[in-house]
S.K.: 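Structure below; questions to follow.
Keep in mind the model is a prediction, meaning the values are calculated, not measured.
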Amino acid sequence: MVISLAEASRQFDGTGADPERNCWMAVHQHVHGVLPSEYDIREIDEDLYLAVLAYRRSQNAG
């Protein structure tokens, strides 16, 4: 799941190459079934988010 979410986060790179934001958006969509709105305050699983972000960063480093 972490790998698929990290890959899904890349679909948001066209609107801004910000891995933190894009991983958060991918995890939010996975957890809540929709992309976040501008002031969305729904929580996500922080451990999952950090795992996705760490994986994505490791892929960018290689």
S.K.: Using side-chain heavy atoms (C-beta onward) and a distance below 4.5 Å, is Arg42 in contact with Val31?
M.R.: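 SC-SC contact between Arg42 and Val31 ruled out.
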S.K.: With a 4.5 Å limit on heavy-atom distance, are the side chains of Gln29 and Trp24 in contact?
M.R.: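 No, side chains not in contact.
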S.K.: Output, in order, the C-alpha distance, side-chain angles, deciding distance and verdict of side-chain contact (heavy atoms from CB on, under 4.5 Å) for Phe12 and Asp18.
M.R.: CA-CA 9 Å; Phe12 305 114; Asp18 180 354; over 6 Å; no
S.K.: Leu53 versus Val27: any side-chain heavy-atom pair under 4.5 Å?
M.R.: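 A side-chain contact under 4.5 Å is absent here.
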S.K.: Could you note down all residue pairs passing ring pair (Phe, Tyr, Trp, His ring centres under 6.0 Å) where residues 38-60 supplies at least one of them, sequence neighbours left out?
M.R.: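 Residue pairs with at least one partner in residues 38-60: there are none.
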S.K.: Evaluate the side-chain proximity of Met25 to Gln11: yes if any heavy-atom separation is below 4.5 Å, no if none is.
M.R.: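 No, every pair of side-chain atoms sits at 4.5 Å or beyond.
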S.K.: Which heavy-atom pair separates His28 from Val34 by the least distance, and what is that distance?
M.R.: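 Nearest pair, atom of His28 first, then Val34: ND1-O, 3.1 Å.
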S.K.: List the steps, then state whether side-chain contact (heavy atoms from CB on, under 4.5 Å) holds for Arg56 with Arg10.
M.R.: CA-CA 9 Å; Arg56 176 156 174 180; Arg10 295 183 187 283; 3.7 Å; yes
S.K.: So, for Glu43 and His32, which heavy atoms are closest and what is the spacing to 0.1 Å?
M.R.: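 The answer is O-NE2, 2.8 Å.
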S.K.: Answer yes if the side chains of Ser9 and Arg21 hold a donor-acceptor pair under 3.5 Å, and no otherwise.
M.R.: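 There is no such pair (donor and acceptor under 3.5 Å, judged by atom type) between the side chains of Ser9 and Arg21.
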S.K.: Taking C-beta and beyond as the side chain, do Leu48 and His30 meet within less than 4.5 Å on heavy atoms?
M.R.: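 Yes - at least one pair of side-chain heavy atoms lies under 4.5 Å apart.
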S.K.: Any chance you could measure Asn22, atom CG, to Leu5, atom CG, to the nearest 0.5 Å?
M.R.: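 If we round to the nearest 0.5 Å, Asn22:CG and Leu5:CG are 13.0 Å apart.
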S.K.: Grab the two heavy atoms, one from Asp45 and one from Asp47, that are nearest each other, plus how far apart they are.
M.R.: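 What the structure gives for the nearest pair is OD1-N, 3.0 Å.
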